[in-house]
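First up is the structure itself, then whatever we jot down about it.
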Amino acid sequence: DASFYIFDISVPASPTVVAVISIPSFSGQILLDEVRGFVYIPNRQSANNADTVDQVVCININEASPNFLETLLFDSAENPFGGFYDGVDLLYVAAQIEALLYNVNDLSGFSFVNLGVTTNLGRELEAADTREIMLTPSGANLFVSNLSDNFLILNTTEFLQPAGPGSFDL
């Protein structure tokens, strides 16, 4: 297991621990939803390559909430790592060979796009080890990078939000 710490930094030279909770190991990027008081953490759950369903960890960090530090786990595609939260209600996550879309109002389902594509010149792009994902300021395009030196640009207007629990192939 890993640990998630919350610090009080009102005295920067002497931060103090407010809370510590256990979360699954193999977590990726932490995404802050300041308005709702949550953090979202893509989590690969294990080092076992046979695992094809992993998780997004959602932690309530709103100290005024009765559910402060409640930790919920939601299904994800294989090996989620990076993510981008649009600050409103959409959470994009980069998984092994897929780009995922969640609506943070209901994380029980996600839509996904397979990134293993063939270019118009017939070259198959290696989509394994997808790592980072970033939404353009306009929200129209999603940039996805991986460890195989590939960079994809996706048109987000073609993404459909999930229609309930489960995964939805776009």
Side-chain angles (χ1 to χ4, degrees), residues 1-49 51-96 98-110 112 128-152 154 156 159 161-162 165:
D1 281 352
S3 296
F4 181 84
Y5 287 79
I6 296 178
F7 289 92
D8 176 347
I9 58 171
S10 56
V11 181
S14 179
T16 56
V17 175
V18 172
V20 179
I21 59 172
S22 177
I23 61 171
S25 291
F26 302 103
S27 291
Q29 184 177 3
I30 295 175
L31 305 155
L32 175 64
D33 180 347
E34 191 171 1
V35 172
R36 288 179 180 83
F38 291 99
V39 293
Y40 311 106
I41 309 170
N43 182 274
R44 293 167 288 177
Q45 193 170 352
S46 78
N48 182 348
N49 288 336
D51 288 340
T52 58
V53 176
D54 290 314
Q55 303 166 329
V56 170
V57 179
C58 177
I59 303 171
N60 183 327
I61 59 166
N62 179 353
E63 292 179 86
S65 168
N67 298 322
F68 178 56
L69 298 183
E70 177 182 54
T71 302
L72 302 172
L73 304 174
F74 297 94
D75 283 350
S76 175
E78 182 180 1
N79 292 330
F81 187 79
F84 187 88
Y85 173 59
D86 75 349
V88 181
D89 58 7
L90 299 179
L91 175 67
Y92 295 89
V93 173
Q96 178 73 8
E98 297 164 338
L100 314 177
L101 172 63
Y102 292 86
N103 184 313
V104 297
N105 297 305
D106 179 5
L107 291 167
S108 67
F110 61 89
F112 67 92
D129 297 322
T130 299
R131 288 291 186 257
E132 300 298 329
I133 198 164
M134 176 66 72
L135 191 65
T136 58
S138 70
N141 294 302
L142 192 67
F143 296 152
V144 183
S145 68
N146 66 24
L147 294 178
S148 302
D149 297 331
N150 290 311
F151 182 79
L152 297 169
L154 306 176
T156 59
F159 274 65
Q161 291 193 31

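Values in this document were obtained by computation on a predicted structure and should not be read as measured data. Below, each value reflects all heavy atoms present in this structure, side chains not excepted, and no hydrogens, waters or symmetry copies.
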Can a donor-acceptor pair be found, under 3.5 Å and without considering hydrogens, that links the side chain of S22 to the backbone of S3?
no
To the nearest 0.5 Å, what is the distance between CG on D33 and CG on N60?
10.0 Å
For the CD atom of Q29 and the CD1 atom of I41, what is their distance to the nearest 0.5 Å?
10.5 Å
CG on N141 to CE on M134, rounded to 0.5 Å
13.5 Å
Tell me if a side-chain donor or acceptor on Y102 pairs with a main-chain N or O of N105 at a distance below 3.5 Å.
no
So, do I61 and L32 sit near enough that their side-chain heavy atoms are less than 4.5 Å apart?
yes
E132 and F81, any side-chain heavy atoms less than 4.5 Å apart:
yes
Which heavy atom of I30 sits nearest a heavy atom of F4, and at what distance?
CD1-CE1, 4.1 Å
Any idea how F112 and F110 line up, ring-wise: parallel (<30°), tilted (30 to 60°), or perpendicular (>60°)?
tilted
Nearest heavy atoms of G109 and P162, plus distance in Å:
O-CG, 3.4 Å
Kindly give the heavy-atom pair with the smallest separation between V20 and V17, and that separation in Å.
CG2-CG1, 3.5 Å
Any donor and acceptor pair, going by atom type alone, linking the side chain of N43 with main-chain N or O of S25 inside 3.5 Å?
yes
Heavy-atom pair with the smallest gap, counting every atom of L90 and Q161:
CD2-NE2, 3.5 Å
Report the C-alpha separation of D54 and F26 in whole Å, then their side-chain angles, then the decisive distance to 0.1 Å, and conclude whether the side chain to side chain contact (heavy atoms under 4.5 Å, CB included) test is met.
CA-CA 10 Å; D54 290 314; F26 302 103; over 6 Å; no
Separation between CD1 (I133) and OH (Y92), nearest 0.5 Å, reads 8.5 Å
Enclosure of E70 CD (heavy-atom neighbours >12, cutoff 6.0 Å):
yes
Would a 4.5 Å heavy-atom cut-off, applied to side chains only, mark V104 and F38 as touching?
no
Report, as yes or no, whether the 6.0 Å neighbourhood of atom CZ on F151 holds more than 12 heavy atoms from other residues, nucleotides or ligands.
yes
For the CZ atom of F68 and the CD atom of E63, what is their distance to the nearest 0.5 Å?
4.5 Å
Can you name the nearest heavy-atom pair linking P12 to P15, along with the distance?
O-CD, 3.5 Å
If only atom types and distance count, is the side chain of D8 paired as donor or acceptor with the main-chain N or O of T16 below 3.5 Å?
no
Counting distance only, does the side-chain N/O of T130 pair as donor-acceptor with the main-chain N or O of A94 below 3.5 Å?
no
How long is the span from the CG atom in L72 to the CG atom in L107, to the nearest 0.5 Å?
8.5 Å
Polar side-chain atom of R131 near backbone of A95 as donor-acceptor pair, under 3.5 Å
no
Specify the closest pair of heavy atoms between P24 and L73, including all atoms of both residues, with the distance to one decimal.
CG-CD2, 4.3 Å
